[in-house]
Amino acid sequence: MGLQAEKTSDSKELNQLKLVTKEKLTQKSFKSNIMDYLVEKAFFIFGMMAIFILAMILFFLLREGSGAIREVGLMEFLTGTRWYPSSPQGAGYGALPFIIGSFMVTVGALAIAIPWGIFTAIFIAEVAPKRVREFLKPVIEILAIFPSVVLGFIALVILSPIIANVFNLSNGLTALTASVILSVMALPTIISIAEDSLRSVPKDYREAAYALGASKWETIKIIIVPAAKSGIVAGCMLGFGRAVGETMTVLMAAGNAIDMPLREFFGVVVPDFLTSVRTLTANIAIEGSDVAWGSLHYSALFVTALILFTITFVVNLIADILISKQRRKLQND
């Protein structure tokens, strides 16, 4: 009887323990579900706010620039070469020199930054020892937050005299100067995204290559870099977006001449990187503070801002698509 009573008591305690545990788990699960629901809704709200703000910016640019588009015509902005908004002999609103200038300094910057950034990313992700990697990563992140006005000042007082002496120019404030300093600004974006893409390549790829007798450099060249290609390209395109939207640096380094930065070279018209250029961002910054509110010139500046917005939006959209493609590819593998 005593043994049976003891078993009955143990069974009751076990049932109570199960009940308590079940109640705690149910309460914990309920709290977790509520928290997950709130976090999900918060992310949704913030995401919709970002889309709403982007749509409002686009709406504002269209509203303020619609007057110039109606009166001047969009093709005049895209193909015209005269920008003289205050000319008494006939105003001109051709933004083509600014568009070409923006693409020149940006493409020039990427021509320097892409090889530099990709090789640096490969070194950090695949070659560098752990201590070196831990040192380089913070340095690159610090470079990303470096004030653009400081880099522009460095280009103005240090880099431009060097370029003027090397190419025998009277003035070193050229598209080349702006390209060199912009390449430094685009490097952190390219390196960070490319390095993340390289490190996200599955370890099985490396082990399979080594098992087949490939060396480390052959594995990097033939296996890892092609597998991370979409992410590397996306990083380069985001670097393009970073460079094309920069204002203060090109304002201080590019010279800001309102001319077509082209010349003939053996009968072919090519960009002249040794001449002063003005970009879309610099033109808005220079003329935006002095323009008469509500005038045609005021509206024309919003059209140039709309052109710049469209360029950066398309480039960043393509980069985002490529990053998503890279992520899906690696998940499937």
Give the minimum heavy-atom separation between [X] and [Y], together with the two atoms involved.
{"X": "V244", "Y": "T281", "answer": "O-CG2, 3.8 Å"}
{"X": "A186", "Y": "G239", "answer": "CB-O, 3.9 Å"}
{"X": "A155", "Y": "T177", "answer": "O-CG2, 4.1 Å"}
{"X": "E64", "Y": "S299", "answer": "O-OG, 2.8 Å"}
{"X": "L110", "Y": "C236", "answer": "CD2-O, 4.0 Å"}
{"X": "S215", "Y": "Y210", "answer": "O-CE2, 4.1 Å"}

[atom1]-[atom2] distance between [X] and [Y], expressed to the nearest 0.5 angstrom:
{"X": "L159", "Y": "L173", "atom1": "CG", "atom2": "CG", "answer": "9.5 Å"}
{"X": "M48", "Y": "I45", "atom1": "CE", "atom2": "CD1", "answer": "10.0 Å"}
{"X": "L187", "Y": "I118", "atom1": "CG", "atom2": "CD1", "answer": "11.0 Å"}

Can you check whether [Y]'s main-chain N or O pairs, donor with acceptor, with [X]'s side chain at less than 3.5 Å?
{"X": "S183", "Y": "A113", "value": "no"}
{"X": "N165", "Y": "P161", "value": "yes"}
{"X": "R242", "Y": "M237", "value": "no"}
{"X": "T174", "Y": "S276", "value": "no"}
{"X": "E246", "Y": "A243", "value": "no"}
{"X": "S200", "Y": "S197", "value": "yes"}
{"X": "D259", "Y": "P261", "value": "no"}

Legend entry - Stepwise side chain to side chain contact (heavy atoms under 4.5 Å, CB included) check, M49 with F46: CA-CA 5 Å; M49 285 177 60; F46 288 135; 4.0 Å; yes

Do the ring planes of [X] and [Y] sit parallel (below 30°), tilted (30 to 60°) or perpendicular (above 60°)?
{"X": "W293", "Y": "Y298", "value": "tilted"}
{"X": "F77", "Y": "Y93", "value": "tilted"}
{"X": "F240", "Y": "F103", "value": "tilted"}

Legend entry - side chain to side chain contact (heavy atoms under 4.5 Å, CB included) assessment of L262 paired with V270: CA-CA 6 Å; L262 304 173; V270 295; over 6 Å; no

Legend entry - salt_bridge(R199, E195) N-O dist < 4.0 Å: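 A salt bridge is present here (some side-chain N lies under 4.0 Å from a carboxylate O).
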
Inset, instruction - State whether R82 and E76 are salt-bridged, where the test is any N-O pair (Lys NZ or Arg NE/NH1/NH2 against Asp/Glu carboxylate O) under 4.0 Å. - result: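 So R82 does not pair with E76 through a salt bridge.
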
Legend entry - No-hydrogen, no-angle side-chain donor-acceptor test under 3.5 Å, E126 and W217: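 Judged by distance alone, the side chains do not pair up.
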
Inset, instruction - Establish, from distance only, whether the side-chain atoms of N256 and R278 form a donor-acceptor pair under 3.5 Å. - result: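 There is no such pair between these side chains.
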
Legend entry - Among L296, L301, I284, side chain to side chain contact (heavy atoms under 4.5 Å, CB included) partner for V291: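 Of the listed residues L296, L301, I284, the side chain to side chain contact (heavy atoms under 4.5 Å, CB included) partner of V291 is L301.
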
Legend entry - Partner of L61 by side chain to side chain contact (heavy atoms under 4.5 Å, CB included), out of L306, I307, T304: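 Looking at L306, I307, T304, the match for L61 under the side chain to side chain contact (heavy atoms under 4.5 Å, CB included) is L306.
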
Neighbour count >12 (heavy atoms, 6.0 Å) for atom [atom1], [X]:
{"X": "K216", "atom1": "NZ", "answer": "yes"}
{"X": "E207", "atom1": "CD", "answer": "yes"}
{"X": "F309", "atom1": "CZ", "answer": "yes"}

Legend entry - Working for side chain to side chain contact (heavy atoms under 4.5 Å, CB included), residues I158 and F153: CA-CA 8 Å; I158 298 177; F153 185 70; over 6 Å; no

Legend entry - L151 side chain reached by M185 side chain, heavy atoms, under 4.5 Å: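 M185 vs L151: side chains touch.
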
Legend entry - V139 with I122, same ILVMFWY side-chain cluster at under 4.5 Å: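 Linked, V139 and I122 end up in one cluster.
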
